[in-house]
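Proteins get letters first, then strands, A, B, ... in listed order; numbering begins at 1 in each.
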Amino acid sequence: MKNAVKTSLQNQSATGSIANFYAVQLQLLCREHKHATSASALLRSIHANMITSGFSPRSHILNNLINIYCKNSGLVYAKHLFDRIPQPDVVARTTMIAAYSASGEPKLAREVFDKTPLSIRDTVCYNAMITGYSHNNDGHAAIKLFLDMRWKNFQPDEYTYTSVLAALALIADHEMHCRQLHCAVAKSGMANFKCVVNALISVYVRCASSPLASSLLLMDSASKLFYEMPERDDLSWTTIITGYVKNDDLDAARKVFDGMDEKLLVAWNAMISGYVHKGFIFEALDMLRKMYLAGMKPDEFTCTSILSACADAGLFLLGKQVHAYVRRTEEKIHVSVYNALITLYWKCGRVDDARKVFDNLVFKDLVSWNAVLSAYVSAGRINEAKLFFDEMPEKNSLAWTVMISGLAQNGLGEDGLKLFNQMRVKGIELCDYAFAGAITSCAVLGALETGCQLHAQLIQRGYDSSLSAGNALVTFYGRSGVIEAARNVFLTMPCVDLVSWNALVAALGQHGYGVQAVELFEQMLDENIMPDRISFLTVISACSHAGLIEKGRHYFNIMHSVYKISPGEDHYARLIDLLSRAGRLLEAKEVIQNMPYKPGAPIWEALLAGCRTHRNVDLGVEAAEQLFELTPQHDGTYILLANTFAAAGRWDDAAKVRKLMRDQGVKKEPGCSWIKVENTVHVFLVGDTAHPEIQVVYNYLEELRLKMRKMGYVPDTQYVLHDMETEQKEYALSTHSEKLAVVFGLLKLPRGATIRVFKNLRICGDCHNAFKFMSKVEAREIIVRDGNRFHHFRDGECSCGNYW
DNA sequence: ATAGGGTTAG
């Protein structure tokens, strides 16, 4: 084809009429423009030829020229030509409308449309504008224009209906919409057109994937429409196949696919991407093989899907092979392939290589940017992610979502919620993933109320069947200690994955339901769900909190022997925690000595915490020494060590450690520190409340209050006591009530104030004593802290959560 | 001159 144009160009002189000659040339170019990558260069040379030969094209040639410029991304040239026509006809205008719409500029398209006088407007012109809107995701504008068209008595044709149906497919989210449309189409007599029926099937398909509609019912109707068509074209087949794929019914899709006589490339691609999406990597690769055997040549769509499969399965080398194949066969660089390549790199742990691919990419799109953003986020490189996010030339809802959940997963819940609110304010579409990120932020913050509100909004929007949102909710309720809610969400989720199971096991384990956590874990194994490394972390710490020492050791052992997951440092840390909490410190020490690699900070921290609880000063000092060597930040170690001494009654040594801290300029105050969570300032008083030093701490507290006032915070009477003497007596709130009452007296608490007592309680099962204590000190509310977790007593109810 | 299908980012 390309040669045909060139020969024709060379034989210019031999051609009779010059107008005819150009018309033929343009026609040829027009026919091949889909495949020719050098078409725009060729086109410019033809155009230049016209100008130098002094040929002034008549309108149809000019229109042709504009049209071809548009289709070869020469929009600038097209616009230039168009603007110089004194009175462009409707054909030229329609071309420009379509061109602007295709390049994402519906506003510019509308300008041309509005300037088109009613007297020359026609149905095609309207069709182009309606399509323009639906291509730019503005279904409402498309329909409005359709109504305008009817009002002005333009006769819609099958193209109009096809476009309007496409627009409606964007909006339809209820079964009734489909039924009504179906009737309207039948009445209009347009149902005889294949393209209209295809579009109607599309509406059913799109609507079926709406969370508010029944996918099964609607796909059934779509399928009925499909099989009742007198004859089906390629598009009918692919619409129905992809419809099933999109609605997660791969078996149904495969059935239709197998029934195709001549399987189209598009259909192969749809099946492959469907398998990849569902995580059926093997089936996807098998389809690729079958496709190859059937003599089909994989194109960029196929390669993109396969690359994505490789990324998910960690098949780095296969991925590289696909990349090599693409480089060999495709002359044009397809961004999507490179985007998938970026993902392959980072999912295989090569974040910086992913960035390199991105940097070398000449034409980047939103997906490229988002892929790199995800790379940084998932690698925990949150600062780079933040910078990259700010650098992005444009952001869609996905970019925001990635950033929100990234912040939440890296413990920056407050930032996550802030970003979510910004998103809401800016009117960016809030999808289920965005909610999932916000809910995770609440889980991180322990913001129970905000999280519950988000849950309500989630249900309102019909997102409650979303897997990611469901998982976020299970985690959130789990961390907040509302176990029943966590369980309910889990049970009502339409489908669950490993993350959901892990979340519920964690929820139970963290709140003293160790036995149930273990039972649930066993149930998961019975259902043949393969546990991952997170599952083992979760179940071992559940054992640790419930004191199920042998069970915990058992899981640690089978993790490698049965499930071939080699224990990481975090697993060892949980094991050490399990043993040291139970006071089996020497056993813990033995495990540390026999570890296959050098124990890191988390291991020694777990041991040190155990030493503090069980008053083993010697081992504690040894662990602390290791920690001083291993970590640059010594704050936590100092505090743990001081408390170990104090717990053993060695006040002088404890005081020495505190002095050491001050001397070394450790930022955290030895006796007291404060943080701001949401709008409340929480003050942490670290130290023994019965110790004479309490007066010193009290003075410090007053100083702190002044400081806070200066900074604009309004300090309330929410004090925090970290009482290490109660460490071992986990249910012994009442025995200390006297002592605490004295302290609160010292702090001159007004009656009925909120008291926040932060103690090292592991399991909160003692509501009775808590409420008894409350009435004794005339508190309205008590919050008891255990590490990052808190238990909240108020109005006769107890709830739990995470503090930061 | 206008329509309807397949890919990639969580």
Quick one: which of [options] gets closest to the side chain of [X]?
{"X": "A:V91", "options": "B:dA3, B:dG10, B:dA1", "result": "B:dA1"}
{"X": "A:N269", "options": "B:dG6, B:dG5, B:dG4", "result": "B:dG6"}
{"X": "A:W346", "options": "B:dT2, B:dG4, B:dA9", "result": "B:dA9"}
{"X": "A:V266", "options": "B:dG5, B:dG4, B:dT2", "result": "B:dG5"}
{"X": "A:T304", "options": "B:dG6, B:dT8, B:dA1", "result": "B:dT8"}
{"X": "A:L265", "options": "B:dG6, B:dT2, B:dT8", "result": "B:dG6"}

Inset, instruction - Flag the pair A:F82 / A:T95 as yes when at least one side-chain heavy-atom distance between them is below 4.5 Å, and no otherwise. - result: no
Legend entry - Electrostatic pair A:R254-A:D258, nearest N-O below 4.0 angstrom: yes
Legend entry - A:W237 and A:F257 aromatic centres sub-6.0 Å: no
Inset, instruction - Compute the ring centroids of A:W369 and A:F388, then answer whether they are less than 6.0 Å apart. - result: yes
Legend entry - Partner of A:N370 under side chain to side chain donor-acceptor pair (under 3.5 Å), chosen from A:T343, A:N396, A:D365, A:N339: A:N396
Side-chain N or O of [X] versus OP1/OP2 of [N]: is the shortest distance under 4.0 Å?
{"X": "A:H277", "N": "B:dT8", "value": "yes"}
{"X": "A:S273", "N": "B:dT7", "value": "yes"}
{"X": "A:K194", "N": "B:dA3", "value": "no"}

For [X] and [N], give me the distance from atom [atom1] to atom [atom2], rounded to whole Å.
{"X": "A:H323", "N": "B:dT7", "atom1": "NE2", "atom2": "C1'", "answer": "16 Å"}
{"X": "A:I97", "N": "B:dA1", "atom1": "CD1", "atom2": "P", "answer": "14 Å"}
{"X": "A:L168", "N": "B:dG4", "atom1": "CG", "atom2": "C1'", "answer": "14 Å"}
{"X": "A:N339", "N": "B:dT8", "atom1": "CG", "atom2": "P", "answer": "11 Å"}
{"X": "A:H334", "N": "B:dA9", "atom1": "NE2", "atom2": "P", "answer": "17 Å"}
{"X": "A:R206", "N": "B:dG6", "atom1": "CZ", "atom2": "P", "answer": "8 Å"}
{"X": "A:L341", "N": "B:dA9", "atom1": "CG", "atom2": "C1'", "answer": "14 Å"}
{"X": "A:M291", "N": "B:dT7", "atom1": "CE", "atom2": "C1'", "answer": "12 Å"}

Could you tell me whether [X] contacts a base, only the sugar-phosphate backbone, or nothing, with contacts defined as non-hydrogen atoms closer than 4.0 Å?
{"X": "A:L264", "answer": "base"}
{"X": "A:K246", "answer": "sugar-phosphate"}
{"X": "A:D233", "answer": "base"}
{"X": "A:W400", "answer": "nothing"}
{"X": "A:S405", "answer": "nothing"}

For the base of [N], is there a side-chain donor-acceptor partner from [X] under 3.5 Å away?
{"X": "A:D299", "N": "B:dG6", "value": "yes"}
{"X": "A:S336", "N": "B:dT7", "value": "yes"}
{"X": "A:T162", "N": "B:dG4", "value": "no"}
{"X": "A:T95", "N": "B:dA1", "value": "no"}

Legend entry - Residue pair A:D233 / A:N198, side-chain donor-acceptor N/O under 3.5 Å: yes
Legend entry - Within residues 364-373 of chain A, residues whose heavy atoms come under 4.0 Å of DNA chain B: A:V367, A:N370
Inset, instruction - Under the ring pair (Phe, Tyr, Trp, His ring centres under 6.0 Å) rule, what do A:Y204 and A:H182 come out as? Steps first, then yes or no, please. - result: CA-CA 9 Å; A:Y204 271 112; A:H182 199 152; 5.7 Å; yes
Legend entry - Where A:V197 and A:M229 come nearest, the two heavy atoms and their spacing: CG1-CG, 3.8 Å
Inset, instruction - State whether the side chain of A:S308 and the backbone N or O of A:T304 hold a donor-acceptor pair below 3.5 Å, judged by distance alone. - result: no
